[in-house]
There are 2 protein chains.
Amino acid sequence: MASLDDVARAAGVSTATVSRALSGRGRTSEATRERVRAAADELGYVASATASSLASGRAENIGVIVPLMDRWFFATVLDGIAARLAPRGYDLTLYNLTDDPAQRRRLFETTLRRGRVDGLIVLSVRLSDDEVAALAALGRPVVGLGVPRGELGALRVDDTAVGRAATQHLIDLGHRDIAHLGQGFAPSGPGGGVGAGADPAYDIPTRRRAGFETAIAATRLAGLPVNGRFVEADFTVDGAHRATVALLNEPHPPTAIFAASDEMAYGVLAAARERGVAVPADLSVIGVDGHDLAGLFDLTTIDQFPHAQGERAGDAILAAVGAELPNPDETVDASASLPFALVRRGTTAPPRDWTEPSSRPRTTAPPRG
Amino acid sequence: MASLDDVARAAGVSTATVSRALSGRGRTSEATRERVRAAADELGYVASATASSLASGRAENIGVIVPLMDRWFFATVLDGIAARLAPRGYDLTLYNLTDDPAQRRRLFETTLRRGRVDGLIVLSVRLSDDEVAALAALGRPVVGLGVPRGELGALRVDDTAVGRAATQHLIDLGHRDIAHLGQGFAPSGPGGGVGAGADPAYDIPTRRRAGFETAIAATRLAGLPVNGRFVEADFTVDGAHRATVALLNEPHPPTAIFAASDEMAYGVLAAARERGVAVPADLSVIGVDGHDLAGLFDLTTIDQFPHAQGERAGDAILAAVGAELPNPDETVDASASLPFALVRRGTTAPPRDWTEPSSRPRTTAPPRG
DNA sequence: CTGAAAGCGCTTACAG
DNA sequence: CTGAAAGCGCTTACAG
């Protein structure tokens with residue numbers, strides 16, 4: 001493969017000039033630039049990324065830390081990130097963060113310190129204090145997305161508002177007995193490290209639940225009390241399925257279920273179908289995410305636009321590492337709140353035998369910004 | 001951050017010795033190795049990946065080319081690959097290959113030639129002759145997975161056998177009118193390049209269809225003819241949904257549908273539900289993949305173990321680039337056929353009013369190897 | 001087993 | 001605007 005020297009010789013200039021002409025850094029005359037480009041094209045020259053990185057300190061590579069890469073949500077966010085990085089010439093290196101302590105230590109103490117990335121995007125993982133410190137010690141920009149750590153200049157949707165919106169939708173439909181299927185706070189976090197997940201207030205499921213509680217509490221203050229119950233369940237189809245079966249076995253099952261994710265909502269729907277409970281006639285169901293197959297299930301959900309989230313995170317990290325953004329006009333605010341929107345479909349409806357009060361105020365979807 | 005020199009000074013040896021002691025390449029005495037390790041630990045030294053790569057020519061990084069990274073199948077394969085690379089200390093760089101010609105050219109002519117990867121895994125993409133040539137010119141090992149190009153030493157499941165197995169399952173159940181929803185061959189391929197997809201015989205959907213035709217044809221030879229029809233549809237939930245609606249509108253709809261993917265099968269199920277066609281009483285449905293949610297839909301499918309496919313591909317590329325495998329005993333045969341298995345669930349059953357012939361031979365699931 | 005030294009292929013002050 | 005030269009931080013024959 002042709003090297004810088006080859007191009008320099010062919011163009012009759014120094015290697016310094018070739019480097020400047022091709023990279024656009026530093027001045028070169030229009031004429032030499034042309035000549036150099038022609039020579040480079042001719043020889044099929046492409047600069048070695050590793051040599052370039054070593055000399056410049058720029059890796060032109062962004063690391064993305066993801067838990068569970070086989071979940072639709074993360075894959076979609078990843079797609080959004082990649083869509084922004086590729087056109088800028090940045091590579092995307094994927095780091096899967098599991099619950100295995102040895103694997104985590106390896107990632108934070110070795111892999112990440114090899115200096116292969118200019119910046120990092122961290123997706124929805126709970127980090128211990130040590131891990132956050134290790135990230136900081138890297139001395140590279142880090143953008144968190146859905147990460148329960150304020151330190152990471154995190155992009156995030158207002159999960160409390162999401163929880164409130166989903167619950168309010170059910171209340172507005174006339175439901176007076178609503179269950180929320182979510183995940184309890186895991187004190188030690190998946191990392192098992194001291195202080196992992198530190199402040200429960202930052203945890204996504206916890207915040208969605210807080211929104212639920214807030215909406216329920218507001219109905220009491222307003223004088224038309226709604227019965228709200230929280231039910232702990234795994235953040236999976238099966239977990240929600242199990243919890244729903246138990247719920248439907250109770251003497252007085254709720255008339256509506258707010259599942260903390262669309263996949264959980266699928267589990268709810270499956271359980272209802274198996275028990276012969278009609279949706280939405282006997283049970284309304286709402287999820288969160290805007291999952292791929294939500295339309296297929298005719299599932300009402302709070303869409304949080306994961307692909308757009310990925311794009312935002314990609315732009316944010318590019319800005320942080322000093323790459324020019326595709327559109328230089330727009331500044332990326334890495335602390336801004338991300339949009340979400342209620343998508344009404346067929347799994348939510350007024351409860352059976354319910355008639356709309358004449359003067360009932362309707363809550364509209366939250367603003368998308 | 002500490003450098004090699006720092007460690008050498010602390011341990012009282014040369015940088016060459018530090019490099020050898022830490023990497024394990026070349027001889028060092030037990031004693032100095034200990035001393036060097038202690039010094040390295042003390043200083044928190046981690047070798048710079050870019051300097052190491054430049055000097056050694058080893059990037060310890062594998063590139064993975066994927067289409068559509070937000071599809072469950074690819075995300076799962078990716079997870080399998082990552083599971084094998086990480087423990088060996090290899091990074092995984094993700095390249096999303098879209099249909100955009102400019103983006104493709106950029107990838108093959110520039111990005112990949114920057115020398116950042118030791119080897120490549122190519123997942124289920126159709127490549128033009130030029131693209132295959134560009135890959136070969138890289139001079140690095142390439143492992144194809146589900147790639148319709150024999151050149152790439154591809155791992156693949158026997159898709160013809162998959163098509164045959166799915167069809168045979170329906171025939172064995174007693175169906176005599178079966179439709180196969182698949183994708184027609186796109187002559188120019190997504191790359192739009194000359195010769196893209198070259199030989200249709202290598203295309204996955206085409207091979208599944210060939211298996212379908214073969215199984216149908218065999219029934220004619222055997223004297224109990226089954227009516228088989230191929231219906232072209234997009235490889236998506238919606239595409240299959242549309243095709244199924246059309247099919248169910250016909251005067252004589254089939255009693256069974258073999259969808260070329262599980263996601264397509266979901267579309268079939270949705271259409272059936274909407275039209276009030278009972279599954280499996282009035283319509284049997286089988287898919288292919290072993291999708292995440294197949295259990296939820298109670299969908300009969302041909303599982304092709306995508307996670308295991310990823311692991312195989314990961315092992316194959318590691319072997320090709322000369323990394324020691326986790327288990328040195330096992331040799332990875334990159335040309336071997338991958339396993340698949342029929343998973344019987346509730347969406348397939350004998351057709352209505354059908355009674356099993358007394359002496360009917362039953363076909364069993366194909367061997368998983 | 002260990003060290004001195006060249007070299008991997010670029011980038012970038014520093015002069016001119 | 002352009003060139004000579006140092007340097008990025010490792011690895012690896014080559015001697016000893």
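Since this is a predicted model, take the numbers as computed values, not measurements. FYI, side chains are in, hydrogens and waters are out, and symmetry mates aren't considered; it's all heavy atoms of this structure.
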Closest nucleotide among C:dC1, D:dT11, C:dG3 to the B:Val13 side chain: C:dG3

message: Rounded to whole Å, how long is the line connecting atom CD of A:Glu60 with atom C1' of C:dG9?
response: 15 Å

task: Could you say whether B:Gly12 or B:Leu54 is positioned toward the 5' end of DNA chain C, judged by the nucleotide with the nearest heavy atom to each?
output: B:Gly12

- request: Counting heavy atoms from C-beta on, name the nucleotide in C:dC10, D:dA5, D:dG9 closest to the side chain of A:Ala16.
  value: D:dA5

message: Does the structure show a Watson-Crick or G-U wobble partner for D:dA4, both distances under 3.5 Å? Name it, or say none.
response: none

field: Value in whole Å for how far the P atom of C:dC8 lies from CE of A:Met1
entry: 17 Å

query: Does C:dA13 pair with anything, Watson-Crick or G-U wobble, both distances under 3.5 Å, and if so, with which nucleotide?
result: none

field: A:Arg20 CZ - C:dA13 C1' separation (whole Å)
entry: 10 Å

Of the listed nucleotides D:dT12, D:dG9, C:dC10, the one nearest the side chain of A:Ser48: C:dC10

message: Nearest to the side chain of B:Ser29, heavy atoms from C-beta on, is which of D:dC1, C:dC1, D:dT12?
response: C:dC1

task: Would you indicate whether the side-chain heavy atoms of B:Val122 and B:Val143 approach each other to under 4.5 Å?
output: no

message: If you compare every side-chain N and O of A:Ser3 against the phosphate oxygens of C:dG9 (OP1, OP2), does one of them come in below 4.0 Å?
response: no

- request: Please determine if A:Arg88 and A:Glu60 form a salt bridge, counting it only when a charged side-chain N lies under 4.0 Å from a carboxylate O.
  value: no

- prompt: Looking only at atom C1', what distance separates D:dT12 and D:dG16, rounded to whole Å?
  reply: 16 Å

query: Under 4.0 Å between a side-chain N/O of A:Ser19 and OP1 or OP2 of C:dT12, yes or no?
result: no

Selection from C:dG9, D:dT2, C:dT12 that lies nearest to any side-chain heavy atom of A:Thr28: D:dT2

- prompt: What does A:Arg114 touch in the nucleic acid at a heavy-atom separation under 4.0 angstrom: a base, only the sugar-phosphate, or nothing?
  reply: nothing

statement: Ranking D:dC10, D:dG3, D:dG7 by distance to the side chain of B:Ser52, first place goes to D:dC10

message: Check the phosphate of D:dT2 against A:Ser14, side-chain N and O only, distance under 4.0 Å to OP1 or OP2. Yes or no?
response: no

query: For B:Thr28 and B:Arg20, does a side-chain donor sit closer than 3.5 Å to a side-chain acceptor?
result: no

- prompt: Considering only side-chain heavy atoms of A:Ala51, which listed nucleotide, C:dG9, D:dC10, C:dG3, is closest?
  reply: C:dG9

task: Could you grab the distance from atom CG of A:Leu92 to atom CG of A:Leu78, nearest 0.5 Å is fine?
output: 5.5 Å

- prompt: Once you round it to whole Å, what is the distance between P of C:dT12 and CG of A:Leu4?
  reply: 12 Å

- prompt: Would you call B:Asp91 and A:Arg116 a salt bridge, using N to O less than 4.0 angstrom?
  reply: yes

- request: Measure from CG on B:Asp5 to C1' on D:dC10 and round the result to the nearest Å.
  value: 9 Å

task: Measure the distance from CZ on B:Arg27 to P on D:dT11 and round it to the nearest whole Å.
output: 17 Å

task: Measure from CZ on B:Arg33 to P on C:dC1 and round the result to the nearest Å.
output: 8 Å

task: Tell me what B:Thr32 touches on the nucleic acid: a base, only sugar-phosphate, or nothing, going by heavy atoms under 4.0 Å.
output: sugar-phosphate

message: With a 4.0 Å cut-off on N to O distance, would you call A:Asp315 and A:Arg312 a salt bridge?
response: no

Spacing of A:Asp6 atom CG relative to C:dC10 atom P, expressed in whole Å: 9 Å

task: Among D:dG3, C:dG9, D:dC10, find the nucleotide with the atom closest to the side chain of B:Ala47.
output: D:dC10

message: For C:dT12 and A:Arg58 - does any side-chain N or O of the residue sit under 4.0 Å from the phosphate oxygens OP1/OP2?
response: yes

message: I want to verify a distance call: between C:dT11, D:dT2, D:dA13, whose nearest atom is closest to the A:Ala55 side chain?
response: C:dT11

